[in-house]
Amino acid sequence: DQQVKQNSPSLSVQEGRISILNCDYTNSMFDYFLWYKKYPAEGPTFLISISSIKDKNEDGRFTVFLNKSAKHLSLHIVPSQPGDSAVYFCAASLNNAGNMLTFGGGTRLMVKP
Amino acid sequence: KAGVTQTPRYLIKTRGQQVTLSCSPISGHRSVSWYQQTPGQGLQFLFEYFSETQRNKGNFPGRFSGRQFSNSRSEMNVSTLELGDSALYLCASSLVWSSGANVLTFGAGSRLTVL
């Protein structure tokens with residue numbers, strides 16, 4: 001039973017345009033949601049997070065939106081740059097479960113120059 | 001400062017063998033987590049250690065085990081290897097063990113191939 005799902009395995013976007021990566025979850029008890037980016041041959045790196053009590057968090061070009069009623073979150077990258085090409089994972093955690101993260105399957109983003 | 005270091009980076013084993021993977025966390029980080037990444041299952045949580053104690057365990061068979069030493073370094077062991085254990089094993093460290101808001105810093109991983 002996949003509690004966190006990223007239904008789009010890949011996404012292709014033109015440089016300068018907006019990239020929108022989506023993530024759905026089933027466990028309403030999740031307290032925090034995080035996005036990680038992974039380049040080949042490297043470990044995932046933290047991008048941005050959001051608490052379940054918020055509906056938006058921004059950090060530069062990256063904005064995460066959370067819709068708790070729909071159990072859906074999205075990551076917006078504006079403007080997209082070729083260096084953003086990577087695999088993006090959304091992850092969720094419970095407040096009483098330490099650093100245990102439940103990851104989605106990932107979305108490969110390709111930003112074309 | 002140095003990141004999370006995992007050794008070895010690549011290794012090949014045969015079915016039935018055992019393997020030990022090592023992880024050195026960022027200096028000062030006391031929590032170490034392990035994840036398995038496979039093409040079919042994505043990133044799955046294996047276990048987490050803090051202050052030499054296992055705090056959480058994922059849904060993996062008992063062939064998967066780990067430990068943490070007093071210097072926060074961690075090892076994981078997989079016994080009686082199966083073909084399905086072929087994966088990238090990622091270690092992540094964090095300053096503390098508390099709420100899920102902690103940011104994990106991942107190492108580059110150890111890629112295990114079981115033949």
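The environment of CE in Met29(A) is sparse: at most 12 heavy-atom neighbours from other residues, nucleotides or ligands sit within 6.0 Å. For Arg63(B), the CZ atom is densely surrounded, since the number of other residues' heavy atoms within 6.0 Å is greater than 12. For Ile53(A), the CD1 atom is loosely surrounded, since the number of other residues' heavy atoms within 6.0 Å does not exceed 12.
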Next on the checklist: Working note: Tyr36(A) + Leu104(B), criterion side-chain contact (heavy atoms from CB on, under 4.5 Å); need CA distance, chi angles, decisive distance, verdict.
Outcome noted: CA-CA 10 Å; Tyr36(A) 281 82; Leu104(B) 301 184; 3.5 Å; yes
Checklist entry - What's the verdict on side-chain contact (heavy atoms from CB on, under 4.5 Å) for Phe106(B) and Val4(B), showing C-alpha distance, side-chain angles and the deciding distance? => result CA-CA 6 Å; Phe106(B) 283 85; Val4(B) 177; over 6 Å; no
Checklist entry - Where do Val78(A) and Arg61(A) land on the side-chain contact (heavy atoms from CB on, under 4.5 Å) test, with the steps shown first? => result CA-CA 5 Å; Val78(A) 184; Arg61(A) 297 186 297 114; 5.8 Å; no
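Of the two parts of Ser33(B), only the side chain, counted from C-beta on, holds a non-hydrogen atom closer than 4.5 Å to a non-hydrogen atom of chain A. If you measure heavy-atom distances from Gln37(B) to chain A, the contacts under 4.5 Å come from the side chain alone. Using a 4.5 Å cut-off between heavy atoms, Phe30(A) does not touch chain B at all. Only the side chain of Arg9(B) has a heavy atom closer than 4.5 Å to any heavy atom of chain A. With a 4.5 Å cut-off on non-hydrogen atoms, Tyr35(B) touches chain A through its side chain but not through its backbone.
The closest side-chain donor-acceptor pair between Asn7(A) and Asn22(A), if any, does not fall under 3.5 angstrom.
Against chain A, the residues from residues 64-91 of chain B that qualify, each with a non-hydrogen atom under 4.5 angstrom away, are Leu88(B), Leu90(B) in number order.
Per-residue heavy-atom pair counts under 4.5 Å with chain B were compared for Phe89(A), Phe103(A), Phe33(A), Phe46(A), and the maximum is reached by Phe103(A).
In this structure, the side chain of Thr63(A) does not engage the main chain of Glu58(A) through any donor-acceptor pair within 3.5 Å.
Residues Val4(A) and Leu101(A) form no side-chain contact, since every pair of their non-hydrogen atoms from C-beta on lies 4.5 Å or further apart.
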